[in-house]
Each structure stands twice: as C-alpha cells, then as structure tokens.
Undergrad: 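This is the structure I have questions about; it appears just below.
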Number of protein chains: 2
Amino acid sequence: MSQTWNQHVVKKENKALVLETIKEKAPISRASIAQVTGLNKGTVSSLVSELMDEKLINESGTGESSGGRRPVMLLLNERAGYTISVDLGVKSILGVLTDLRGNIIYEKRIRFQNDNVDEVLHLLYTLISELKSNAPASEYGIVGIGVGVPGVVTTEGEILLAPNLGWKRVPLRKMLSEHYQVPIIVENEANAGAYGEKVYGAGQFSTELVYASVSVGIGVGLILDGKLYKGLRGFSGELGHMTIEKDGVDCRCGNKGCWELYASEKALIEQAEKNGYHAASVDHIVEAANNGESKAIKLLEQLGDYLGVGITNIIHIFNPEQVVVGNTLQLAEKYIMPAIEKRIEKNAIGFNKNDVQLNVAKLKKHSTVMGMAAFNIEQFFKASGNDVLVRN
Amino acid sequence: MSQTWNQHVVKKENKALVLETIKEKAPISRASIAQVTGLNKGTVSSLVSELMDEKLINESGTGESSGGRRPVMLLLNERAGYTISVDLGVKSILGVLTDLRGNIIYEKRIRFQNDNVDEVLHLLYTLISELKSNAPASEYGIVGIGVGVPGVVTTEGEILLAPNLGWKRVPLRKMLSEHYQVPIIVENEANAGAYGEKVYGAGQFSTELVYASVSVGIGVGLILDGKLYKGLRGFSGELGHMTIEKDGVDCRCGNKGCWELYASEKALIEQAEKNGYHAASVDHIVEAANNGESKAIKLLEQLGDYLGVGITNIIHIFNPEQVVVGNTLQLAEKYIMPAIEKRIEKNAIGFNKNDVQLNVAKLKKHSTVMGMAAFNIEQFFKASGNDVLVRN
DNA sequence: AAAGTTTGTCTAGTCAATAAACAAAGATTA
DNA sequence: TAATCTTTGTTTATTGACTAGACAAACTTT
C-alpha cells in the first residue's frame, strides 16, 4: 500500500527540494531557488529560514546584482557533520573522514596479512577511532559510519560470505551498532563503488550505470533508474558468476564457466604462471607490459577480451548509459580498455552499443569509500527531513 | 529536478490511493477505506464522491452490519471504459477487448503467412475495428490501444527491428495515432508479457520478477522494484543475445554463442532435424515425447538444460523473487521445467537460489495481451488523476 | 424499549502554499 | 544628482485540503 499524503509530507518534500537545489547549485539566492523549483518566494524564504536554524545551510554574503537589489547567497553547510567511510578490502582497510559534501578531510590505509575476523575487526575499530578523533567540532558530529565489504551482504547488513577473506556469517552492522551510537551502513563493495561513481565519479550525469569491480573476482553494482538496485534480498550483481562458457570449468561457487574464471586478477595470474611468470602479480605483469614484453601485453589483452565478453552481455541485458570498470585491474587500463572496446565494437548489438559509454572509474581506489560516504550523507539528509537528528 | 509539492498533488495522490484501495479490496465501505489508508473519514467521503461523479466507481447496495449501521459498499466501475490489447506475433495476431479490470469481453485471433508490413498492418486495422465494434456503450469508450510486438521498440513506440517478421523501422505508434484518437502504446512482447504476469498472472505478489519469453528466439522482460525496467532507451532484456559460450557459433546479431542459439524454438528444431526428424515443429516434438519417443524427450530435456544455464545467470544477476517462463515453449513445460530446475539446483549460488521461485506463465498465450491491457488501464487511471479524460 | 455501535456527513479549525503588496537595496537614466 | 526602474526578500491575506470531533441515521444487543 502506498502512503497517505498530507501537508506534512508536502512540507517535508519541498524542504528537501530546496536543500537539494542549494546542494546542486550553490551559491544560489532565495529568488533563484524560487524560480528553479517553481515554489513561491515566500515559501522558499520560510523553508530556508528553517534550514538555517538547523545549521544545514549558511548565508555567504551578497552576490552580484543583476540590475536590482543584490541577492544573499546560500551555501550548504558542509561542515555541519562528518562521515566515516571505509573500504574493507582483501589485504587492506581504507578509511576516510568526509564532510557532508564528500570532501575528504582525513584518510588512512591499514594493511593486513591475517584474514582472521577478530583481528581484522580490531584493526577496523582502531581505524574508526582514529578517523573519529580527527573530526572537527561540528553541529551534528559523526553522522554515520559506512563499511564496504568484498562479499555477499544482506539488506540487514550481515556478511553472509566474503570468499576472499574466508568469512562466513559476520553480522557486521549489528556488531558496529553495539560500538557506536550512530547510523551504520554495511554494503557490498561493488554496490558502493557503483554509487560512488554515480554520485562523485564518472557517472554523475548517468541514471543507468553498471559498475564492474574487477579484482581477485568480479562483482557488479547496478544503478538503475538513478538508484542502486539490490534485488530481493541484496544479492543482485553476482555477474562474476555469470556463465560465459556453458561447459566451462567448475567454479568454487558451484557453477560452471563463470565470467570471473576468465576475466579476473586470479585468472590473469593463473595464465601468467602458465606462461612462465613466477609469483606473478598484477603489478609485475603491468610493469612487464610497460617494458614492452609482448607476452605480458598479450595476457592483458586476452583478459580485456574476456572482460569484453561479459560487458557485451551487460550491454544487452541492461541497455545502460554507461559501463564503468573499476578496482585493482583498473591499473592495467592502458591494455585492457582497448581490448574491451574492440570486443564490444565487434559483438554488441548496434542499438544498445550506440547508447553506451565505456569508462574507467574516475575515483580509482576511492570508488567504494566514496560510495559509502554518499550512502552516509544521503541517509543523514533523509533523517534531517524526518526530524530525527541528534545534535551535539 | 524533482517536482514541486502542493495541496493539488496531495489531493491527486490521495484520490489515486482511494481508487487503488477500491480496486484491490472491492467491495469495501468508506469507513474501511479510511481505516486502511489512514485518511480521515470525511476526506474519504469527499474523494469517493468525486470518483462517483467521474463514474469510475459505483455503490453496490449495503453490506453486512458488524454491530451498527450497515456499510454502503463501493465497487470499481469496470465497465466505464474498454481497452483494445493486441499481441502481434510472428504467425498470428491475437487481439482482446478488455474492461478496466482486465476481464476479456471479446477475443479474436487472425493467422497470417505473409510478413509484409502493409498486409500485416491491414489485418491489424481490421482486427482493431472488429474489437472496437464489440465494445458496449460506456462512459469513456475505448480508453487505449496497446500492441505488443516481437522486436526492438524505442520508448517512442517505433519498431526498430523485428527480426522474425523481417521488419525494420516501422513507426507503429505514430501510424496508429493517425488512425485512432486514443492513447496508443507499443511495447516489446516480452516486456508486455512480464507485466501481464506481474499484474494478472504468476507474479501478482512479486516485485522482482523476470519473464523469459521463449519462442523462435528468447526475449526477457524485467520487473524490478515492481516496475517494468526498460534501460536507457527501451532496449533492455536482450538476454537472448547474452553469450553463454564465449567461443560459440556466430549469431546473426553479430555476437557469438548467444543463449537463444542453444535454448530457443529455432535451436530445438535444428537439433531435431539433425537427429532425423524432418520438417519438425515444437508441436511434433512434444507429441513425439508424449508418445514416449526417448529421442524427442532427450531433445526437450537438453533444451531445458540450456534454458537453465541462462536462467541461472538471471538468478545471479538480479536476485529475483520469481522467474517466469512463457511463450510457445511453455507447451513443452512437462519436459523442460524439470530440466531447468535440475540445472538451477546444481549450479546456482545458494543465497540467490533460495530466494527464487521458478514458474511457467499462468496466463499462457495471454501473457502479452494482458500486459498490454494492464499498460492501457494503468495509463487511463493515471490520466484520470490528471483531469485529462475525454468522456463520450 | 433502551443502550450501545457503526457508518457516513457536516462543521470548525489547522497548516502549508500562493498571490500580491511592500520595503530595502541596488542599477539606470535624464 | 535625483528620479525611476529592477531585483530581492519579507509580510499579509487568501485559498484549499486535511483532521478532529460532533451528529444523525441505521442497525444490533440487552
């Protein structure tokens, strides 16, 4: 059942609209907001006044006159609160402290060898504490903590499985909630990366965006109709386990011929070792390619071609506006992107192909953290409209 | 930019909410509507009175007392208007006249051999005329004409390509608009089928539903978050051209190893002829299987297995609540469904597998027409909220 | 027959938006 | 330089949709 509508809702939505307009077009005057939104000048004045009382926006002196009284410009008060946003990766944890506009105030990466849940969580708590202590005094303090993880996460924030960490059934959101009295968001790393690229990166003008996170495995985040699509219980985007070779080799997931068996870091290293590279890593192979070793170049191009097979599928399935390739294999951009493009050019259906843009992640290693920041910020402003904020 | 909110919008939305409640729970009293929606009794009375003036609902005598005054029951006036809904197939056109609840009032199928655009369109016009002349007198008359077509359709209703009809660039919506002065909807056959199953068929309680239309080729309709997902320009769901065999045979679409090369009617017939069946058809093969011919049974099971490969991909990609298999190959349900299930059981990831239900289309040959009816009806009620209705 | 319940309407009041008037502060022009 | 025009932002009166609560009608229960 849909919701019931009344003047309360109207006010809430209009206030959100004014705030959104200020966020997007700052610095902007009350008069311009009225013009842009179609709201009455008086209504805008009253809503702006409330937003100022809540310290969510600021006046920032007068702007240039356009033939009359000079306008008072309004800005988002991006220092009203801060987010703690974390990318919990396979070999390191990257944490950032951001303001409400997503500016990074402080950043720290901790590397680790031992995957043990307790040890990694201990590092995570330490990192969060350090970020927290670096937050300047502000009206709302830390408004949320978000963690992106390389695994299957339920809508309740439980990590069901993180294969490359060897984790099973870790109720991370619940655990963090017991430590910190702020909203906690736990999300899959590819979903977060997709949202990060949509809000702050390559996809700022796209509503239909697919983000392929290519690392040890492949995860995919889907932005459909401008929103993150999570499926029934949060398990969408397992395109790493899409069969592209129906009688292919067995994957540990139980399926056969999965995309990531041919087009991931793991696949690359396997092939490299078959071709005589010992203790190979992505770094080594890219370096070798940069030094002109044709064997290395061929390996990367082969990888790109396989990536292209899956991305062609994506283009046929979703008719997206943009496909963004991110995570560690972005390092090999120079070699894999032309190979992907070649495959798409050759194999994708014309109608769908003409609509799509292929890009690498603009935020590079920050796609996931910035996605988590975007989630935190979004939920904070949403809560602000529902009058459930806690001030310091 | 989002929309501006005011009391007008509030009223429109609440009126729609009341109408929706009556549609879903009829017969229902004003008092119950107030309780269910949370609206005030007076508000409901006033909105109901307007809906009665518009002839969209009816009073239908009194209901049972529950210890006090007997309630006046309200019903949707399903005879306030009629839709003309058509499934333009490869060898026949199926047309239905429905009321506003989707009840079929009149039905007609015309078969054809010659794919020529002009000839088929002539038959289409004839069919529409016949349906129209069978519509009883009503307040709003024919409220919309919808046509589902087996091809790539733009959001503007132009058929870019219908490979199995041999059609290219037919601006069907524009052509129909010139003949008939009512809203026209042209949509891909699989998208319509998906919506039909969602609204009237197997998916009435699912919000995440994938409908695979398996016929000469394979088309897929996506219901995500309760709504039809069309991608950037309407070309989503081309899963028939998802590669499941990366070095597979060339498809006429330009790609390699496409799903429909292994799991469609065409694939079945090809295999059948290789196995000694001459001039084979789906009907023949199913009949042979029913007669216990193991060769035929094997062919159908093989087809089901290949369907299962693609459906497993779907389950991994979308984490759907339901996957529905429809169109002509539904005929072979008995043989293909167990094979699909077996493949899913063996290969799909547990988390995703546990969430999903596999079903055949409940509406059978009517999935597409009923989807078109649902589109027509939805757009009519939407227009009614915007005061743009034309009465007879 | 009296008392209690439920339904649906009516009236007064509230709240948020709008339109229009107005004051403040600037630009333009004679 | 003064008068006039523009633009901004606030204030005031009005409108419209919803809500709460009173009330009459119609029915059940005691």
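Just so you know, these numbers use all the heavy atoms, side chains as well, and skip hydrogens, waters and symmetry mates. Naming convention: chains lettered A, B, ... in sequence-line order (proteins, then strands); numbering from 1 in each chain. Please read these numbers as outputs of a predicted model, since none were measured by experiment.
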Undergrad: Treat primed atoms plus P, OP1 and OP2 as sugar-phosphate and everything else as base, then score nucleotides 5-10 of chain C 5' to 3': B for base contact with protein heavy atoms under 4.0 Å, S for sugar-phosphate contact only, - for none.
TA: BBBBBB
Undergrad: Tell me, do A:Leu56 and A:Ser384 make a side-chain contact under 4.5 Å, heavy atoms counted?
TA: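 They are in side-chain contact.
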Undergrad: Rounded to whole Å, how long is the line connecting atom CD of A:Glu13 with atom P of C:dA17?
TA: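 Taking atom P of C:dA17 as the reference, CD of A:Glu13 is at 11 Å.
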Undergrad: Would one find a side-chain N or O of A:Asn14 under 4.0 angstrom from OP1 or OP2 of C:dA17?
TA: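 Yes, A:Asn14 has a side-chain N/O under 4.0 Å of OP1/OP2 on C:dA17.
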Undergrad: Using a strict cut-off of less than 4.0 Å between a Lys/Arg side-chain nitrogen and an Asp/Glu carboxylate oxygen, indicate whether B:Glu78 and B:Arg101 qualify as a salt bridge.
TA: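 Counted as a salt bridge, because a side-chain N and a carboxylate O are separated by less than 4.0 Å.
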Undergrad: Between the side chains of A:Arg70 and A:Ser65, does any donor sit under 3.5 Å from an acceptor?
TA: no
Undergrad: Between which nucleotides of DNA chain D, read 5' to 3', does contact with chain A run, using atoms under 4.0 Å from its heavy atoms?
TA: D:dT6 to D:dG16
Undergrad: Please list, chain by chain and in numerical order, all residues satisfying salt bridge (Lys or Arg N to Asp or Glu O under 4.0 Å) with B:Arg233, sequence neighbours excluded.
TA: A:Asp355
Undergrad: Report the end-to-end axis angle of the helix from C:dA1-D:dT30 to C:dA30-D:dT1; each axis comes from five terminal pairs, and the value is rounded to 10°.
TA: 10°
Undergrad: Between A:Lys12 and A:Asn386, is any side-chain donor less than 3.5 angstrom from a side-chain acceptor?
TA: yes
Undergrad: Under the salt bridge (Lys or Arg N to Asp or Glu O under 4.0 Å) rule, collect the residues that match up with B:Glu321, sequence neighbours excluded.
TA: none
Undergrad: Establish, from distance only, whether the side-chain atoms of A:Thr43 and A:Ser46 form a donor-acceptor pair under 3.5 Å.
TA: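 There is no such pair (donor and acceptor under 3.5 Å, judged by atom type) between the side chains of A:Thr43 and A:Ser46.
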Undergrad: Got a salt bridge between A:Glu50 and A:Lys11, using NZ or NE/NH1/NH2 to carboxylate O under 4.0 Å?
TA: yes
Undergrad: Counting neighbours of CD on A:Gln35 that are heavy atoms of other residues, nucleotides or ligands and sit closer than 6.0 Å, is the number greater than 12?
TA: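 No, not enclosed.
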Undergrad: Per the salt bridge (charged side-chain N to carboxylate O under 4.0 Å, His left out) rule, what does the pair list look like for residues 29-49 of chain B, sequence neighbours excluded?
TA: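 Checked against salt bridge (charged side-chain N to carboxylate O under 4.0 Å, His left out) - neighbours excluded - the pairs reaching residues 29-49 of chain B are B:Arg30-B:Glu59.
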